Student: 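Quick one: the structure is below, and I'll ask about it shortly.
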Protein chains: 2
Amino acid sequence: MARPSKQEELVEKALKIFYRDGFHATGMDKLVEETGISKTSMYKYFRTKEDLILATLELRDQQFRDMMTTRIEALADTPKGKLVACFDTLQEWIASDAFNCCMFIKAASEYQNPSHPIHAIAAKHKNTMTTYMAGLARDAGVGDPEGLARQLMLLKEGAIVTAHIQGKAYAAPDAKDAARILIEHACP
Amino acid sequence: MARPSKQEELVEKALKIFYRDGFHATGMDKLVEETGISKTSMYKYFRTKEDLILATLELRDQQFRDMMTTRIEALADTPKGKLVACFDTLQEWIASDAFNCCMFIKAASEYQNPSHPIHAIAAKHKNTMTTYMAGLARDAGVGDPEGLARQLMLLKEGAIVTAHIQGKAYAAPDAKDAARILIEHACP
DNA sequence: GACAAAATGTACAGATCGGTTCATTTAATG
DNA sequence: CATTAAATGAACCGATCTGTACATTTTGTC
């Protein structure tokens with residue numbers, strides 16, 4: 001019943017491989033080998049490798065925002081509490097084995113032209129996340145909810161790349177400490 | 001008098017191209033074409049492409065830290081002022097045409113294994129930057145200078161990737177606003 | 001101008017790249 | 001069981017990848 005279609009299976013598996021190894025570093029032959037799906041099928045569902053990458057990023061966007069909102073709702077019930085819970089969720093994710101930096105930051109690193117569709121989908125994801133946090137900030141009665149949301153997003157992005165490059169030890173707790181200060185400073 | 005050697009010329013030119021186009025996306029043939037230096041010479045100075053990349057990153061580390069410290073010294077003369085000046089310098093850099101994200105973040109994005117020499121040199125650069133900021137924080141008499149330095153570094157990294165992905169409009173000013181709050185909160 | 005060092009252009013190797021072709025096999029449906 | 005659709009394997013295309021080989025030309029020095 002509603003077993004994932006071959007196409008969905010391909011996108012899910014390709015997502016993991018692109019996330020683990022990168023985009024340029026992952027050839028179509030490696031995808032065939034690791035997914036067990038034939039190249040013929042891949043090119044039946046997606047006209048180009050780029051189209052497949054875009055599909056994996058769309059799925060990632062959905063998966064990641066689901067994970068964030070679900071955990072935040074579970075961890076807190078006040079608006080201000082949810083803003084802090086963003087950073088508890090961030091910490092959980094970074095601490096997990098699944099963490100391997102942010103797929104959209106890495107995508108934008110490999111496809112730097114802002115008008116490139118892959119770069120554009122990364123921007124869209126970040127904009128969506130910022131808007132979500134601005135909503136939480138507005139619910140909390142913050143004077144400049146967009147401003148606070150952008151500040152908190154800076155901490156989130158910083159923690160992700162720092163954990164990826166320098167290690168997981170400090171990044172997430174530091175981000176949460178700093179976030180609390182900024183939230184308190186912005187709160188009425 | 002001390003005209004750059006062919007090897008130095010190669011590293012400088014390769015740095016610009018890798019920074020602009022990425023590492024996997026830049027082939028040796030493109031380097032030959034754009035630098036005007038023959039492939040034979042390149043492989044005389046560097047055994048592999050990876051060795052050349054490492055040389056460009058070493059140069060970038062030196063250039064970037066020179067730029068930061070020079071501007072910070074020019075902009076402020078008190079320790080606390082220098083901490084804020086970090087973010088003025090960041091803003092200048094991001095606003096400039098030379099800005100194209102952080103080369104080390106992009107390097108770590110393409111070479112994700114922490115034990116890979118390219119990833120390791122990125123970590124070294126970030127550690128050096130953090131230590132530098134901790135020194136400024138200590139001079140300012142902050143109680144936990146390393147902690148403040150790590151928080152400010154999160155803002156810096158966040159501003160860099162945000163400016164790269166979502167655009168330059170808000171990233172640096174937001175980072176400076178947040179930094180000032182954190183610095184005031186940490187100062188005696 | 002003679003000599004040595006440095007740099008060059010070109011061709012090439014072997015592997016891999018994204019993508020196509022096509023005949024065959026598997027799976028679902030009547 | 002027969003028919004159709006879905007998926008496969010394998011070979012192949014031209015381009016590009018990193019790296020090498022070698023003969024030639026340029027450059028600097030006495």
Side-chain angles (χ1 to χ4, degrees), chain A residues 1-58 106-107 109-113 116-119 121, chain B residues 1-58 106-107 109-113 116-119 121:
Chain A
M1 12 158 101
R3 179 177 37 181
S5 73
K6 207 82 187 172
Q7 182 169 0
E8 288 168 337
E9 184 194 343
L10 169 59
V11 175
E12 285 167 15
K13 290 182 172 176
L15 164 53
K16 289 182 185 171
I17 299 167
F18 283 135
Y19 183 49
R20 176 182 14 107
D21 296 341
F23 301 98
H24 284 104
T26 302
M28 297 302 286
D29 288 327
K30 191 204 280 180
L31 289 180
V32 171
E33 196 180 325
E34 286 210 40
T35 64
I37 297 171
S38 68
K39 199 188 279 195
T40 320
S41 295
M42 292 183 183
Y43 279 98
K44 181 183 150 202
Y45 294 124
F46 299 99
R47 221 172 45 78
T48 63
K49 179 185 179 182
E50 183 182 314
D51 284 350
L52 174 57
I53 292 175
L54 289 171
T56 67
L57 291 174
E58 290 285 3
K106 296 193 290 188
S109 289
E110 292 205 48
Y111 302 91
Q112 304 188 55
N113 190 329
H116 191 292
I118 293 177
H119 191 111
I121 206 174
Chain B
M1 9 157 105
R3 178 176 38 184
S5 73
K6 208 81 188 176
Q7 181 170 359
E8 289 168 337
E9 183 193 342
L10 168 59
V11 175
E12 285 167 16
K13 289 182 172 176
L15 165 53
K16 288 182 186 171
I17 299 168
F18 283 134
Y19 182 49
R20 190 210 328 134
D21 296 341
F23 301 98
H24 285 103
T26 302
M28 298 300 285
D29 288 328
K30 191 204 280 183
L31 289 180
V32 171
E33 195 180 326
E34 286 210 39
T35 64
I37 297 170
S38 68
K39 198 189 279 194
T40 319
S41 294
M42 292 184 183
Y43 279 98
K44 181 183 151 201
Y45 294 123
F46 299 100
R47 222 172 45 78
T48 63
K49 178 185 179 181
E50 183 182 315
D51 284 349
L52 175 57
I53 292 174
L54 289 171
T56 67
L57 290 174
E58 290 285 3
K106 296 192 290 189
S109 289
E110 292 205 46
Y111 302 90
Q112 303 189 55
N113 190 328
H116 192 292
I118 293 177
H119 191 111
I121 206 175

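Lettering follows sequence order; numbering is per chain, from 1. Computation of the quantities below employed the complete heavy-atom set of this structure, encompassing side-chain atoms and omitting hydrogens, waters and symmetry-equivalent molecules. None of the values given here were measured: they were computed from a predicted structure.
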Student: Atom CG of B:Leu10 and atom C1' of C:dA6: how far apart are they, to the nearest Å?
Tutor: 14 Å
Student: My understanding is that only residues two or more places apart in sequence, or in another chain, count here; which of them pass side-chain contact (heavy atoms from CB on, under 4.5 Å) with B:Thr40?
Tutor: B:Ser38
Student: Contact list please: residues 19-35 of chain A against DNA chain C, heavy atoms, distance less than 4.0 Å, in numerical order.
Tutor: A:Thr26, A:Gly27, A:Met28
Student: Could you go over nucleotides 10-12 of chain D and give all protein N or O partners under 3.5 Å, atom names and distances?
Tutor:
none

Student: Would you mind reading off the distance between A:Met42 atom CE and C:dC17 atom P, rounded to a whole angstrom?
Tutor: 13 Å
Student: Can you list everything that forms a side-chain contact (heavy atoms from CB on, under 4.5 Å) with A:Glu34? Sequence neighbours excluded, please.
Tutor: A:Ile17, A:Arg20, A:Asp21, A:Lys30
Student: Using side-chain hydrogen bond (donor to acceptor under 3.5 Å, both in side chains) as the criterion, list what pairs up with A:Glu33, not counting sequence neighbours.
Tutor: none
Student: Please determine, for the side chain of A:Tyr43, which listed nucleotide (C:dT8, C:dG19, D:dT8) has the closest atom?
Tutor: C:dG19
Student: Applying salt bridge (charged side-chain N to carboxylate O under 4.0 Å, His left out), can you list everything that pairs with B:Lys16, at least two apart in sequence or on another chain?
Tutor: none
Student: If only atom types and distance count, is the side chain of A:Glu12 paired as donor or acceptor with the main-chain N or O of A:Glu9 below 3.5 Å?
Tutor: no
Student: Would you say C:dG9 has OP1 or OP2 under 4.0 Å from some side-chain N or O of B:Ser38?
Tutor: no
Student: Taking all non-hydrogen atoms of both residues into account, name the closest pair between A:Thr35 and A:Lys13 and its distance.
Tutor: O-NZ, 3.3 Å
Student: Please, which pairs that meet salt bridge (Lys or Arg N to Asp or Glu O under 4.0 Å) have at least one residue in residues 37-53 of chain B, sequence neighbours excluded?
Tutor: B:Asp29-B:Lys39
Student: Among D:dT18, C:dA7, D:dA7, which nucleotide sits nearest the side chain of B:Ser41?
Tutor: C:dA7
Student: What is the distance, rounded to the nearest whole Å, between atom CD1 of A:Ile37 and atom P of D:dT8?
Tutor: 7 Å
Student: Considering just the side-chain nitrogens and oxygens of B:Tyr45, establish if one lies under 4.0 Å of OP1 or OP2 belonging to C:dA6.
Tutor: no
Student: Can you list, by residue number, the residues of residues 50-58 of chain B that have a non-hydrogen atom closer than 4.0 angstrom to DNA chain C?
Tutor: none
Student: Taking only residues at least two apart or on different chains, which pairs with a member in residues 29-50 of chain A satisfy ring pair (Phe, Tyr, Trp, His ring centres under 6.0 Å)?
Tutor: none
Student: Would you mind reading off the distance between B:Gln7 atom CD and C:dA6 atom C1', rounded to a whole angstrom?
Tutor: 13 Å
Student: Who are the side-chain hydrogen bond (donor to acceptor under 3.5 Å, both in side chains) partners of A:His24, not counting sequence neighbours?
Tutor: A:Glu110
Student: In this structure, is the centre-to-centre distance between the rings of A:His116 and A:Tyr111 below 6.0 Å?
Tutor: yes
Student: Can you sort out the partners of B:Gln112 under side-chain hydrogen bond (donor to acceptor under 3.5 Å, both in side chains), two or more places apart, ordered by chain and number?
Tutor: A:Asn100, A:Lys106
Student: Between B:Lys44 and C:dA7, does any side-chain N or O lie under 4.0 Å from OP1 or OP2?
Tutor: yes
